[in-house]
Every structure is written in C-alpha cells, then in structure tokens.
Amino acid sequence: MCAAALVVGVLAAPAQAAPDRADADPAPVARDLRGAGWALKDTGKDVRFRGLAVVNRSTAWVAGSKGTVLRTVDGGRSWRDVSPPGAVAEGLEFRDIEAFDARRAVALSIGEGEASRVLRTEDGGATWTETFRNPDPRAFYDCLTFFDARHGLAMSDPVDGKFRILATDDGGRNWRVLPNAGMPEALPGEAGFAASGQCLVGSGPRDVWLATGGGARARILHSADRGLTWRVAESTVPAGDPARGVFALAFRDRTRGLAVGGDYRTGQASPQAAAVSADGGRTWRQAATPPPAYRSGAAWFPYGAGTALAVGPTGTDVTTDGGRSWRSLEAGSFDTVDCAADAGCWAAGEKGRVARLERRR
C-alpha cells in the first residue's frame with residue numbers, strides 16, 4: 001500500500017572502514033532502557049530509510065528511496081553505499097531488507113506491477129541479483145520476512161479479494177506464489193502498510209503474522225504453517241480510513257506480540273495506537289497507556305523480558321511491561337527499529353537518519 005509516500009535525493013557516502021572489535025561488545029544499556037537514547041550515525045544520505053536489518057551492534061543494513069542500500073560493519077562510524085545500480089537508475093522504493101549476516105541480504109522494492117521486486121546479494125552488496133519481479137499489475141508487495149536463512153515469505157495487498165503470499169525455500173534465490181485457499185477474504189479497502197518492513201513478521205521456524213489497515217477494522221492474520229493457512233483476529237487499533245490501521249508487528253516468541261499503528265497523516269490523532277497479545281495473536285487487547293501518536297515500527301529489546309521500543313515521526317517510546325503501558329524515551333523522527341540478540345538496537349527514517357541505541361554519557 002502506498003501509505004506515507006516518500007521523498008528526497010542522494011548524496012555521497014564515505015568509504016567503508018574496517019570493523020572495530022570494541023563495537024561488537026554489547027553496550028551497558030539498562031534492561032528498562034533508562035539512561036539510553038539514540039546516537040545518530042551520519043550516513044551521508046538524504047533519502048528516507050524504511051528498511052532496516054540489524055545483524056549486531058556493529059553490522060546493520062538500511063534500504064530506502066531512490067534505490068538506496070547502505071551497510072555498516074563498524075557500528076555506524078562509516079557506511080558503504082551498496083545500492084544496486086539498476087535500482088538507483090530506476091529510482092526503486094526499497095521498503096524492507098532482511099540480512100542473514102554482513103554479506104547476505106534480501107531487499108524488497110514496492111509498487112504496482114513490476115515495481116515490486118526482490119533483490120539478493122551474497123557479497124556484502126558488491127553485486128545484486130534480481131530474483132523476483134512481480135508480473136501481475138494487480139499485486140503490490142509491502143513486506144517480507146525470513147524464518148531462517150532458507151525459508152521466507154513476502155506479502156502483497158489483496159488480489160482477487162485475498163492477500164497474496166510469495167514464498168522461498170532457498171534463501172530468496174527463487175520465489176513462488178502460494179495457493180490462497182487457506183487465506184481469509186480481505187475486507188473492502190483492506191491492505192498492508194509498506195511503512196517499516198514490519199507488516200509481515202515471523203517468529204520461530206513456522207509462525208508468521210500479517211498486519212492490515214485501510215478497511216473497516218484493523219486486523220492481524222496468523223499462520224502456523226509458513227503461510228499456507230491463516231486465521232484472522234481483530235486488533236484494537238482504530239481503522240475505518242485508508243490512513244489508519246496496524247503498521248507494525250513484533251513478536252518476542254510465538255505467543256507474545258505487539259502491534260502499533262494509528263493514523264499516519266501529520267496532525268491527526270492516533271488514540272489506542274498500540275495493542276498486545278499473549279496468545280499468539282488469537283486475541284488482542286488495547287494498551288492501557290499507548291504511545292501518544294502514530295507509530296510505524298516496533299522491536300523487542302532482548303535483555304528485558306517485557307521491554308520493547310516503538311518509533312514514529314514524532315518520537316520513540318519504550319514499554320517494560322510487555323506492551324501494556326508505554327513511556328516516551330525521546331523525540332526525533334524514525335520510521336523503523338530493529339534489535340539483535342546482542343542488544344544492538346538501531347532505528348532509521350527520513351533525511352538519512354540512522355541511529356544506534358546507546359547509554360548516555
């Protein structure tokens with residue numbers, strides 16, 4: 001879904017420096033994130049990064065508008081521009097990227113018909129291979145996710161009344177459209193939001209969740225068999241408008257999940273902009289104290305059982321009770337957030353903004 005259209009041009013990026021061993025060590029960030037904040041890392045770009053894949057505190061990939069893909073292996077001190085030349089020439093809109101390590105990544109560009117593509121690299125972005133180009137003008141791919149280094153899915157807005165699911169079993173080298181017999185009917189106007197790469201998320205080897213908006217109700221679909229069959233649940237996040245719904249999901253495991261969203265239009269109120277599930281997405285309940293405004297990205301912090309982050313254009317919020325209540329961490333615009341197992345948390349957004357979570361000195 002073309003929610004929140006993107007902007008802006010491209011500047012030069014610095015050459016890649018060698019990794020720093022000290023940067024690979026987890027920062028001494030408290031489990032409740034008190035005393036922590038975002039430390040901006042200069043990317044040398046002025047594009048909007050809605051795709052983010054964190055490998056660890058040192059290594060992260062970002063993908064965004066104008067076909068731009070960057071990679072750092074030294075904690076953001078320097079960035080290598082690894083944009084696919086063809087994507088830059090065509091001005092593709094990358095909205096999601098999934099990385100397996102510092103060398104292997106899969107990126108998704110969005111748009112109607114052939115604008116929706118998947119590209120893969122095995123050499124740190126030195127070269128890219130286009131592995132899927134959408135042949136159906138009715139399809140519009142929004143997000144992708146991987147269960148492991150081989151198995152992954154991508155989702156499209158409804159075609160013939162149902163969300164379309166694309167699958168790979170070889171790390172993104174080849175893709176196939178799954179049968180839709182196990183997919184519930186979509187609501188009129190229902191779609192996904194290509195806002196942060198988090199409208200389709202997995203946990204474990206087979207479970208995956210899909211977030212929707214734009215219809216009369218904001219719904220969350222769950223599959224326990226890698227996208228073959230789905231069940232649907234209503235969230236508490238308001239919808240009823242093309243600009244409203246669930247924009248991002250995050251699951252700590254196959255039972256505990258978060259949903260964030262709201263109304264992405266500037267100045268519009270977004271009450272009840274977060275929900276929480278404790279049963280794998282079968283039911284959702286409203287956050288008692290939600291973020292104060294629209295949020296487009298969410299991620300669990302690995303060192304606190306109930307700690308997670310939510311980001312959006314007006315700021316970052318943190319929960320320490322599993323999503324029941326949120327408090328402001330700091331202001332500043334970000335679209336997406338991701339955390340690795342070593343507590344390396346990164347955020348990315350407009351005007352080339354990329355940051356790493358660090359303890360304030």
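Both Phe301 and Phe334 are members of a single hydrophobic cluster when ILVMFWY side chains are connected at heavy-atom separations under 4.5 Å. A single hydrophobic cluster is seen to contain both Leu200 and Val232, as judged by linkage of ILVMFWY side chains at heavy-atom distances under 4.5 Å, directly or through other members. One hydrophobic cluster, built from ILVMFWY side chains closer than 4.5 Å, holds both Trp175 and Val177. The hydrophobic clustering, which links ILVMFWY residues whose side-chain heavy atoms are closer than 4.5 Å, places Phe247 and Leu221 apart. Val118 and Leu144 fall within a single hydrophobic cluster, where Ile, Leu, Val, Met, Phe, Trp and Tyr are joined by side-chain heavy atoms under 4.5 Å apart, directly or via other members.
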Item to check | Trace of the ring-ring contact (aromatic ring centres under 6.0 Å, His included) decision for Phe49 with Phe94 | outcome: CA-CA 8 Å; Phe49 293 118; Phe94 286 118; over 10 Å; no
Item to check | Worked check of side chain to side chain contact (heavy atoms under 4.5 Å, CB included) between Trp230 and Leu210 | outcome: CA-CA 9 Å; Trp230 299 78; Leu210 186 161; 3.9 Å; yes
Item to check | Criterion salt bridge (charged side-chain N to carboxylate O under 4.0 Å, His left out) on Arg50 and Glu350, from CA distance to verdict | outcome: CA-CA 8 Å; Arg50 293 183 183 269; Glu350 63 181 341; over 6 Å; no
Checklist entry - Stepwise, does the salt bridge (charged side-chain N to carboxylate O under 4.0 Å, His left out) test hold for Asp42 with Arg77? => result CA-CA 7 Å; Asp42 184 15; Arg77 284 198 295 277; over 6 Å; no
Checklist entry - Yes or no on side-chain hydrogen bond (donor to acceptor under 3.5 Å, both in side chains) for Asp74 and Thr72, after CA distance, side-chain angles and deciding distance? => result CA-CA 6 Å; Asp74 59 10; Thr72 182; 2.9 Å; yes
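Contact record, Ala102 with Trp61: O-CZ2, 3.2 Å, taken as the closest heavy-atom pair. Looking at every heavy atom in both residues, Thr168 comes nearest to Arg173 through OG1-N, 4.0 Å. In terms of heavy atoms, Ala259 sits closest to Val246 at CB-CG1, 3.9 Å. Nearest approach of Ala273 to Ser270, heavy atoms of both residues: CB-O, 3.3 Å.
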Show which side-chain atoms of residues 304-316 pair as donor or acceptor with protein atoms under 3.5 Å away, not counting sequence neighbours.
residue	atom	partner	partner atom	Å
Thr307	OG1	Arg31	O	2.9
Thr314	OG1	Arg295	NH1	2.8
Thr316	OG1	Trp38	NE1	2.9

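Salt-bridge annotation for Arg360 and Glu358: absent, with no side-chain N of the basic residue lying under 4.0 Å from a carboxylate O of the acidic one. Electrostatic pairing of Arg103 and Asp123 does not count as a salt bridge here, judged by no charged N lying under 4.0 Å from a carboxylate O. Note on Arg219 versus Glu234: no salt bridge recorded, every NZ/NE/NH1/NH2 to OD/OE distance being 4.0 Å or above. A salt bridge does not link Arg150 to Asp169: none of the charged side-chain nitrogens sits closer than 4.0 Å to a carboxylate oxygen. Between Asp81 and Lys45 there is a salt bridge, since a side-chain N of the basic residue sits under 4.0 Å from a carboxylate O of the acidic one. A salt bridge links Arg138 with Asp160; the closest basic N to acidic carboxylate O contact falls under 4.0 Å.
Side-chain polar atoms of Thr336 and Asp338 form no donor-acceptor pair below 3.5 angstrom. Using modelled atom types and a 3.5 Å distance limit, the side chains of Asp279 and Thr283 yield a donor-acceptor pair. Side-chain atoms of Ser65 and Glu93 form no donor-acceptor pair, as typed in the model, at a separation below 3.5 Å.
At least one side-chain heavy atom of Leu249 sits under 4.5 Å from a side-chain heavy atom of Ile220.
Rounded to the nearest 0.5 angstrom, Gln198 CD and Ser296 OG are separated by 8.0 Å.
Taking the centre and axis of the six-membered ring of Phe147, the NZ or CZ atom of Arg226 falls inside the cone set by 45° and 6.0 Å.
With sequence neighbours excluded, no residue forms a ring-ring contact (aromatic ring centres under 6.0 Å, His included) with Phe163.
Put simply, the side chain of Ser116 gets close to the backbone of Tyr141: a donor and an acceptor are under 3.5 Å apart.
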